[in-house]
Number of protein chains: 2
Amino acid sequence: MSETVATEQTTRALASFLAGLRYEDLPDEVVERTKDFFLDWAASALAGRGARPVVALGSFADAMGPRSGPSEVLPSGRRTSPLFAALVNGASSHVVEQDDVHNGAVFHPATVVFPAALAAAQETGASGREFVAACVAGYEAGVRVGAFLGRSHYKVFHTTGTAGTVAAAAAVSRLLGADEETMLHALGSAGTQAAGLWEFLRDAADSKQLHAAKAAADGLLAAYLARSGFTGARRILEGAQGMAAGMSSDAEPRRLTDGFGERWAVLETSFKFHASCRHTHPAADALLRAMHEHDLGADRISCVRARVHGAAIDVLGPVTDPRTIHQSKFSMGFVLALAALRGRAGITEFTEEALGDPELRAFHDKVEMVLDPEIDAAYPERWIGLVEVETTDGESLTSRVETPKGDPGNALSREEIEEKTRRLAEYGGGASPEDVQRIIQRAWNLENEGDLRDLLPAR
Amino acid sequence: MSETVATEQTTRALASFLAGLRYEDLPDEVVERTKDFFLDWAASALAGRGARPVVALGSFADAMGPRSGPSEVLPSGRRTSPLFAALVNGASSHVVEQDDVHNGAVFHPATVVFPAALAAAQETGASGREFVAACVAGYEAGVRVGAFLGRSHYKVFHTTGTAGTVAAAAAVSRLLGADEETMLHALGSAGTQAAGLWEFLRDAADSKQLHAAKAAADGLLAAYLARSGFTGARRILEGAQGMAAGMSSDAEPRRLTDGFGERWAVLETSFKFHASCRHTHPAADALLRAMHEHDLGADRISCVRARVHGAAIDVLGPVTDPRTIHQSKFSMGFVLALAALRGRAGITEFTEEALGDPELRAFHDKVEMVLDPEIDAAYPERWIGLVEVETTDGESLTSRVETPKGDPGNALSREEIEEKTRRLAEYGGGASPEDVQRIIQRAWNLENEGDLRDLLPAR
C-alpha cells in the first residue's frame, strides 16, 4: 500500500483533463491514429464472431437484454441497448488476440474503449468527431491508470479488466458531455467496479474475454449513472481505500498526470501484426527482413537462430512440439516457419492443416532460440528482433529489427490495416466484402461522419 | 500475499459442497431462518424505493433492459429480465441499512443473495424449496469467502461487493442445477469480477448500493455463463493469482471449508433491529431493558452512561451534534433518546421532525459514552450492551444485555419481523398493506410454494 499516493489530488486532475478534451485540440496525427485503431478494432470484433466465449455472451445478451435498440453487436449484426453491445463487442474484439496494446501499461485499450464508446455513440447519435475525442479520452485514462498501478498490480490483475473499466467510463462520460465533476463521479463508480484476475491463465479459462466485456459494460454503466447524478468516490485512484491502496504496492501518481496534451496514449500504442504471441514478433520481423534483403527463399535456409530477451524463453520455451492452434501461436519455430514459407503469420495461417504440414514442421525443427544479453537488457522498453540465418550453401546472415512491426515508429500503413481488416473479417465470416469495404471507408472518413450508426446492415 | 493458500484445493471443495446442497438435507431451523431472512430482505427492498441511487439504477435498467420479463423489481413493481431485477433489488435492499449482517465475515448476505436468486427463480419457475436451498448455498459461499479473505481485505474492500459476487453466483448456480464442475466455473467467473472499494465512504458517495447491485447482477451473470459452458479459473479463491493473492494478506483457507453441514451461515447471521448504526444497538437494547424492568419513564431519567467497546467511540464519538437524518443514526445520544421517548429507533422514527424535537434534543444531551475495558475485550466476538442510568430521584440503575437484539441467540420473532416488514414497506410507500400481507404469507409458506413469481402485482 503506497502511503505517498494519499496526499495527491490526481483523480481530479485526470478528470479535469479528460472532461476538457476537445476534438479541435487534438493534433492531426492523434486523430488519424485513432481512426487506424478504430478500424483495427472493428476488424478484431468481426473476427471473434464464432468463438465460444463470444457466442455464450451473445446468448446471455439475447436472454437478458432487449432484442432491438440503437447499438450494434458487430459479430452478429444484431441491435440492442448500449450495455449489451458494449459487453459482446468487448469480448469479441479480444478473443483472437489481434487487438492493439500499450507496451508500457501492458494494457489493451481498443477492446475496452471502442465497444463502450461506439455503443453509447450509436445511442446518442454523436458525430464522428465527438466519438474520436471520446476514444482519445478513453485511451488516455486507461493507459495512465494502467501505468499508475504498476508492475505489482499486473502480477495478479489483468490491467485490461481493471484500468479498462476506468478507460471505458472515461470514453463514455466524455461522449455524454460530462463536466469535470461528472467525470470524477464516473471514474469513481468505474474504479470501484474494477476487477480481473490472472488466475484463469492456469486453466486457459474464458475470463480474458469476460474481463474485456465487463470492463466495457461496467465503464459504460458508470458513465450513464454519473450522468443521472449517481455519485462515486472522488479519489478512487489515489485515496487511502482506493484502487492503488487495494491493488498495487508500487503505484506512481505522476503517471496519471504527466504530460497532459503533450504525449498522447494513442501514439504510444502498438498494432499487433502477426497473429501470434508478441514475443515471436521481433524474430519474425527480422527473418522476413533477412529473406527480403538477401532475396532468400525458405528452401535455402538450413538453420535460424533467434536471439531473444529472457521473457521470450520463459513463455515460448516450453512449447517444443505444438499440437494445437493455440500452442502453435506460442511456438517460435512454427511462427518462423509460417513467416518463411507462407510469407506471413496472420490469423488465417494458423490452421489445423498448417499444424500437420510436413514442410512447416521441417522448418520448425530448424529454429532455435538463444538468450541475448544485450537484447534482454533493452527489454521491455525495446523489443529488438535479431536472427542469425545459415543457408544451405554455407552462408551466415544476420538481420536485426530495432522496432517490431506495429510498434510506434513502425506502425501499420493504411493498406496494411485494410488488408488485416479484410482477413480478420473473412476469418469471422459474418460480414460481406462489401460490408467490410463500407466500414473501411467510414473509418477513414470518421471525422466527417454525422453519426456512427449502422456500421453493418442489421441481421 | 499468502503463500500458503496456493497449495490447497479449497475452491473445488467449496464448489462440491455448494453443488451438493439439497433442501432435504437442511435442518428445519436453517429452513425457517432462511424464510425469516427472505422476508426481512424483501422488506428492505421495498423500503429502498424512493432512494436516489435506487431510482438512478432503476432508470438505467429501464433504458438498457427489456420492459417486460419474468423477474420483479420489488421497489417499482416492474418486470424485466433477471439481470436487471437482480441489479435494482440489490441496490434497493441495501440503501436503508436494515438488511441482515454476518458479524464474523463483516458481510451482508441478504442484499446480494436474494436479489440474484429471486430473479433467477422467477425466470426458471423454481419451487420454494429449490429457492431455499439455493439461498442457503449463497449464504454459505458469501460468509465463508468473506471470512477467508480476512481483516486485511476488509480494510480496503467492501466484502459485500467482493464476497457478495461469489455468493450470488453460488445461489444462482445452485438454483440452475449446477454440478460441481459447473459450480466451479461459476465461482471462477464470479471471483474474477469481484470488486468494491471503501474509498466512497470519504465522500458519502453512492457506491455502497452499486456494490450490492453489481454483486447480485455479476454473480448472476457468472452462473448463467457457467451453465452455457463458459469456463472460469478453477482455483479463483486460493490460486497464486486469485482473489486472496490479489486482495488479502491474511487469508485463511480453512475458513472456506470448515464444518460443512455442521455449522450454517444463516444461523450465524444477525437481523438489524434498530435502524441506526450497529454500534448503538447494544446500549439501546440495555436502556430499553432498564426502562422495562424498572418501569421507568423517560421523564424520570436524568443521565445515561453507555459503557461501550472502543470501535463505538471511534465511529460514534465524532457525532456530537447530529444535523442530518444520516448523522442522527450515528449519534448515541439521539438513538437512545428515540428509544427512551418513542419506545423504538426504527426506520420511521428518524425524521426531520424528530431531529428538531426539543424533547429528543434534551434527552440527547443527557447521554454520554465511556470506554469499558471488559466490553472492549469481548469485542468483536460479543457486542455487550451496558448502561448506567441515573434517575431524577437519585437512584442509580445498571442494565446489561449480553447479546444485542437481532444476533443469533436473540433473533427477531416472527411477529417482530412482520412488524419490521410493515414499517419498512410503509416507509418505501410502493406496496399496499394487502400486498405486504400477501408477501408475508408467501414467505412463511415458502417451502410449499410452487414458484416465486408475482410477489407483487405488476405495475
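Note that the structure is predicted; figures quoted are calculated from it, not measured. Letters A, B, ... are given to chains in the order of the sequence lines, protein chains preceding strands, and every chain is numbered from 1.
One distance of note links CG of A/D218 with CG of B/D218; it measures 5.5 Å at 0.5 Å rounding. For the atom pair OG of A/S189 and NZ of B/K214, the computed distance is 10.0 Å after rounding to the nearest 0.5 Å.
When the candidates A/L221, A/L225, A/L57, A/T80 are compared by the number of heavy-atom contacts under 4.5 Å with chain B, A/L221 comes out ahead. Taking chain B as the reference chain and counting heavy-atom pairs below 4.5 Å, the highest number among A/A222, A/G232, A/S228 is found for A/G232. The candidate from B/G65, B/G196, B/A195 with the greatest count of non-hydrogen atom pairs under 4.5 Å with chain A is B/A195. Counting heavy-atom pairs closer than 4.5 Å to chain A, the top residue among B/K155, B/M64, B/R67, B/H153 is B/M64. Between chain B and the residues A/T192, A/L83, A/L201, A/T162, the largest count of heavy-atom pairs under 4.5 Å involves A/T192.
Within the 4.5 Å cutoff, side-chain heavy atoms of B/M247 are placed close to those of A/F157.
For A/R235 (side chain) and B/R202 (main-chain N/O), no donor-acceptor pair under 3.5 Å exists by modelled atom type. Counting only distance, with no hydrogens or angles, the side chain of A/E199 and the backbone of B/Q241 share a donor-acceptor pair below 3.5 Å. Checked by atom type and distance alone, the side chain of B/T231 never pairs as donor or acceptor with a backbone atom of A/A205 at under 3.5 Å.
The parts of B/F230 that come within reach of chain A are both its backbone and its side chain, each placing non-hydrogen atoms under 4.5 angstrom from that chain. With a 4.5 angstrom heavy-atom cutoff, B/R52 touches chain A only via side-chain atoms. In this structure, no portion of B/H185 lies under 4.5 Å from any heavy atom of chain A. Residue B/A56 touches chain A through both its backbone and its side chain, counting heavy-atom pairs closer than 4.5 Å. Residue B/S59: no heavy atom, backbone or side chain, is found under 4.5 Å from chain A.
The 12-atom threshold is exceeded at CZ of B/R12, counting heavy atoms of other residues, nucleotides or ligands nearer than 6.0 Å. Within a 6.0 Å radius of CZ in A/R78, no more than 12 heavy atoms belonging to other residues, nucleotides or ligands are found.
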